[in-house]
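First comes the structure, then the notes that go with it.
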Amino acid sequence: MRRRIWAAALAAAVTLTSAVTIPYEQAQFVMAAPQSTATEVSDTSTDGRTTAGGFTFRITGKEATITGYNGGMKELAIPTKISVTRSTSSGGNAGGAQQPDTTTTDYDVTAIAENAFSGNLGIQKVTMSGGTNKDGKVFGIRTIGDRAFFACHDLTTVEIASTTNSIGKYVFADCVALNSMKVGDGNQRYKIIDNALYYYTAGAGTGLYTLVQYPLANTAAEYKVPDAVSFTLTEIAEGAFWGSPTLETITIPETVKKIGDHAFAESKKLKNVLLPVGLTELGAEAFRGDSALEEIALPAGVTTINPGTFQGCEKLKKVDMTNDMKIIGNRAFQGCKSLFDFVVPGNVTTIGDQAFANCEALHQITIPMRTTSIGSGVFTGTKVTVLCHNGSQAATYASANGLTAERTYTVSFYTNSTYTNLISTQEVVEGKDAAPPNVDGRPGYRMSWSGSYTAIKQDTRVHQVWDKLFNVTFVDNFNNRSEVMQVDEGKYVTPPAWAMAGYTLSWDKDLTDIVTEDFTVHAIWRNKASGATIGADATRPAEKGADITKGNNLYKVSSSNPGNPTVKFVGLVNANVSSVSIPETVSAGGVRYRVTLITNNALKGNKSITSVVINKNMKSISAKAFYNCKKLKKIKLKSKTITKINNKAFSKIHANAKFYTYNSQLDRYRALLKSSGVKKPSMKRL
């Protein structure tokens, strides 16, 4: 009968509805439990140690704690009440025989003990109930102890009671099949967000979160903390991602200050983890066994590498640390088979036992003078060369353990000339160069070091030197450019090496005086041929290819050289004119351009023009420029610089057309016209 009741209890579902505030003496906060007629999950026991359902428990006062499970069921409903029946003796009957008697005591199940179900491979689902029963009494699990369900590899589903206010360390760690977690409505300490379990502190001005457990059966390769907690997550709990089989990338928000022990341990595919700059604590064995991890950068707030933090990270090649690092703990990098060169930060005082043991590829390690404690077996299984200061603890350790050592010297970088404020130190191999630390600049100053830190042959100290800077601004308005030179106080300024074809450059201020203030200098351009200068407010020619309209003529800029801007004649605005004059220059936008070319087909097929005047500066008349202008009879070539008249430039014009030019150019232009296709050009003198 009892077994049937227990089976029914396992199948019972507890319905959670609205919440009311219920105080617990054991809790330091007010916890809400659902107000309903929810059914308690009952179990019975006759020996006070094991229930009919197979749960083991211990009793304290009126409360019971589940300590284990001996049954074979895959889906468990954790009882909320255990009724213990005990036998007693009573007085005899009429015949004098004694009659057995029993007493039954009810105990509220309020906790699951540490390791209670740890390693149980049969359990697939666990339901923990809580709320208020029909009599208004609160029931349910309040506390789940450390490792309670650790390594339950078949566990897929967990339901946590609304009354649970404490979940210990590693409770669901290494539960590799876990894919569904639920928390009863009204729980004021735990939430499920994106199927991950979070602990939170509720109340005005708080709302800080700890990521307790990631669902390890999730097949995603990347995990990013959801937006709901991305600004309030401060901690990743112990074992939260332990054993993840698929995660490759984890994005941790900048708000996280602490990463617990084993947080990412045995995550075999994990490659990319960017630790937040505000992180101050990185737990022991946090990345142990992460065999795909290749590099890691530790922020300045992390001053201790705890025992085994990177143990067994076989592909780890690069570890960036700041000079804030103080301690490298036991087994910190043990078995990191890909580490080749390693520089221990200058302020590290302690290297723990076996810290670099079995780092098979480790070629050399630099250990600073400040390291005064080096543990046992630190380099077991390596053939490392120790770079260390002569007379240091590292040198003594190398000698005592049969390790090869090379001499280094200490290079110290200070902020001040009294050498009282140290920035960082480095151990530098004899004859090599130190790498100066990155330091913040000061507006208006240039920083340098007081001495050399190259080719080091002795212990060396250098300090910062700050030189006042002034800004000298060079401006070339004509070419629309400027450049700011920062010059040390009392030094001379070197102007920019600007150039412009056909011009020489000078400046409107004397640059032979030392610089004692900020000032601005303007460029002055002088034409080499004419001696004319271009002032600061001069207008620059339009860009090459720009269109210019002057009168009825159309032009394009062919050269924007400020020393010799030119345009080419390309056509007419109104083609219905009888005469065309192509001038020697045109002015536009304050710039005078020389007209040096008539383009291909410029007036081809014009049916109106009868005369054309081509003034001086013209150098070339392109192919078919006046082709088939049948009324064109009079062409005046006033330019003496024409060197090309291209193919068919004047073909099929009026049969009686005449070309006029200067006497000195008659023969030359006759030849050019013939070569362009005019068989018998009629030439007249201007």
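As the structure is a computational prediction, the values presented were derived from the model and not from experiment.
Note on ring orientation: taking the six-membered ring where Trp is involved, the planes of F333 and F356 are parallel (angle under 30°, cut-offs 30° and 60°).
Using a 4.0 Å cut-off between charged nitrogen and carboxylate oxygen, E222 and K224 do not count as a salt-bridge pair.
Between N195 and Y214, every side-chain heavy-atom pair lies at or beyond the 4.5 Å cut-off. The closest side-chain heavy-atom distance from Y200 to Q188 is below 4.5 Å. Residues D146 and Y170 have side chains not in contact (no heavy-atom distance under 4.5 Å, counting atoms from C-beta outward). The side-chain heavy atoms of P253 and F231, taken from C-beta on, include no pair separated by under 4.5 Å. Side-chain atoms of I144 and T164, non-hydrogen and from C-beta on, do get closer than 4.5 Å to each other. Taking the side chain as every heavy atom from C-beta outward, F342 and V319 approach each other to under 4.5 Å. Residues Y190 and N165 have side chains not in contact (no heavy-atom distance under 4.5 Å, counting atoms from C-beta outward). Side-chain atoms of L282 and F287, non-hydrogen and from C-beta on, do get closer than 4.5 Å to each other.
Under a cut-off of 6.0 angstrom, the local environment of NZ in K432 is sparse, with at most 12 non-hydrogen atoms contributed by other residues, nucleotides or ligands. The local environment of CG in D320 is crowded, with over 12 non-hydrogen atoms from other residues, nucleotides or ligands closer than 6.0 Å. Counting non-hydrogen atoms of other residues, nucleotides and ligands closer than 6.0 Å to CG of L511 gives a total above 12. No more than 12 heavy atoms of other residues, nucleotides or ligands lie within 6.0 Å of CG in N438, so this atom counts as exposed by the packing criterion.
Not a single donor-acceptor pair under 3.5 Å links the side chain of T157 to the backbone N or O of S180. Side-chain atoms of T303 never come within 3.5 Å of backbone atoms of K326 as a donor-acceptor pair (strictly under, hydrogens ignored). Listed for the T309 side chain is a donor-acceptor partner under 3.5 Å among the backbone atoms of N306. In terms of modelled atom types and a separation under 3.5 Å, the side chain of S338 and the main chain of K317 share no donor-acceptor contact. Between the side chain of D353 and the main chain of S376, a donor-acceptor pair closer than 3.5 Å is present. At distances below 3.5 Å, not a single donor-acceptor pair connects side-chain atoms of D194 with backbone N or O atoms of A196. In this structure, T460 contributes its side chain and Q458 its backbone to a donor-acceptor pair below 3.5 Å. T408 contributes a side-chain N or O that, together with a main-chain N or O of H389, makes up a donor-acceptor pair within less than 3.5 Å. No donor-acceptor pair closer than 3.5 Å links the side chain of N401 to the backbone N or O of L403. No donor-acceptor distance shorter than 3.5 angstrom exists from the side chain of T210 to the backbone of V212, with no hydrogens or angles considered.
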Show your reasoning for whether side chain to side chain contact (heavy atoms under 4.5 Å, CB included) applies to S244 and L270. CA-CA 8 Å; S244 170; L270 185 60; over 6 Å; no
Side chain to side chain contact (heavy atoms under 4.5 Å, CB included) assessment of C336 paired with L316: CA-CA 6 Å; C336 293; L316 186 63; 4.2 Å; yes
V411 vs I456, side chain to side chain contact (heavy atoms under 4.5 Å, CB included): CA-CA, chis, key distance, verdict: CA-CA 8 Å; V411 180; I456 296 299; 3.8 Å; yes
Expected list for residues 486-495: side-chain donor-acceptor pairs under 3.5 angstrom, two or more places apart:
| from | atom 1 | to | atom 2 | distance (Å) |
| --- | --- | --- | --- | --- |
| Q486 | NE2 | N471 | OD1 | 3.4 |
| D488 | OD1 | R446 | NE | 2.9 |

Side-chain donor-acceptor distances from residues 364-374 under 3.5 Å, at least two apart:
| from | atom 1 | to | atom 2 | distance (Å) |
| --- | --- | --- | --- | --- |
| R370 | NE | N347 | OD1 | 3.4 |
| T371 | OG1 | V348 | O | 2.8 |

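Contacts of P276 classified as side chain to side chain contact (heavy atoms under 4.5 Å, CB included), with partners at least two apart in sequence or in another chain: I252, E254, V256, L279. Contacts of N416 classified as side chain to side chain contact (heavy atoms under 4.5 Å, CB included), with partners at least two apart in sequence or in another chain: Y414, T418, T420, N421. Looking at residues two or more places apart in sequence or on another chain, you find a salt bridge (Lys or Arg N to Asp or Glu O under 4.0 Å) between E285 and R288, R331. Under the salt bridge (Lys or Arg N to Asp or Glu O under 4.0 Å) criterion, R147 pairs with no residue at all, not counting sequence neighbours. E248 meets the side chain to side chain contact (heavy atoms under 4.5 Å, CB included) test with A221, K269, K271; sequence neighbours excluded. Here F474 pairs with W507 under the ring-ring contact (aromatic ring centres under 6.0 Å, His included) rule; sequence neighbours left out. Annotation: ring-ring contact (aromatic ring centres under 6.0 Å, His included) contacts of Y397 (sequence neighbours excluded): none. Residues that satisfy the side chain to side chain contact (heavy atoms under 4.5 Å, CB included) test with T110, not counting sequence neighbours, are E63, D108, R142. When the salt bridge (Lys or Arg N to Asp or Glu O under 4.0 Å) test is applied to K315, no partner is found at least two apart in sequence or on another chain.
Proximity of the aromatic rings of F264 and W242 is defined here by a centroid distance below 6.0 angstrom, and this criterion is not met. Residues F519 and F470 keep their aromatic ring centres 6.0 Å or farther apart. Aromatic rings of F117 and F150 (six-membered ring for Trp) have centroids beyond the 6.0 Å cut-off, not under it.
Screening residues 421-444 for ring-ring contact (aromatic ring centres under 6.0 Å, His included), with sequence neighbours left out, gives no hits.
The CD1 atom of I141 lies 11.0 Å from the CD1 atom of I167; values are rounded to the nearest 0.5 Å. Note that the CG atom of D433 and the CD atom of Q426 stand 10.5 Å from one another [nearest 0.5 Å]. The OH atom of Y198 sits 9.5 Å away from the CE atom of M181 when rounded to the nearest 0.5 Å. Note that the OG atom of S166 and the CZ atom of R189 stand 10.5 Å from one another [nearest 0.5 Å]. Summarising the geometry, atom NZ belonging to K257 is positioned 7.0 Å from atom OG1 belonging to T280; distances are rounded to the nearest 0.5 Å. Annotation: the span from T255 atom OG1 to L208 atom CG amounts to 9.0 Å, rounded to 0.5 Å.
With a 6.0 Å cutoff to the six-membered ring centre and a 45° limit on the axis angle, K468 counts as a cation-pi contact of Y445.
Nearest heavy atoms, M485 versus P496: CE-N, 3.7 Å.
For the residue pair T425 / T410, no side-chain donor-acceptor distance below 3.5 Å is found, with atom types taken as modelled. For the residue pair K191/Y199, the side-chain donor-acceptor check at 3.5 Å is not satisfied.
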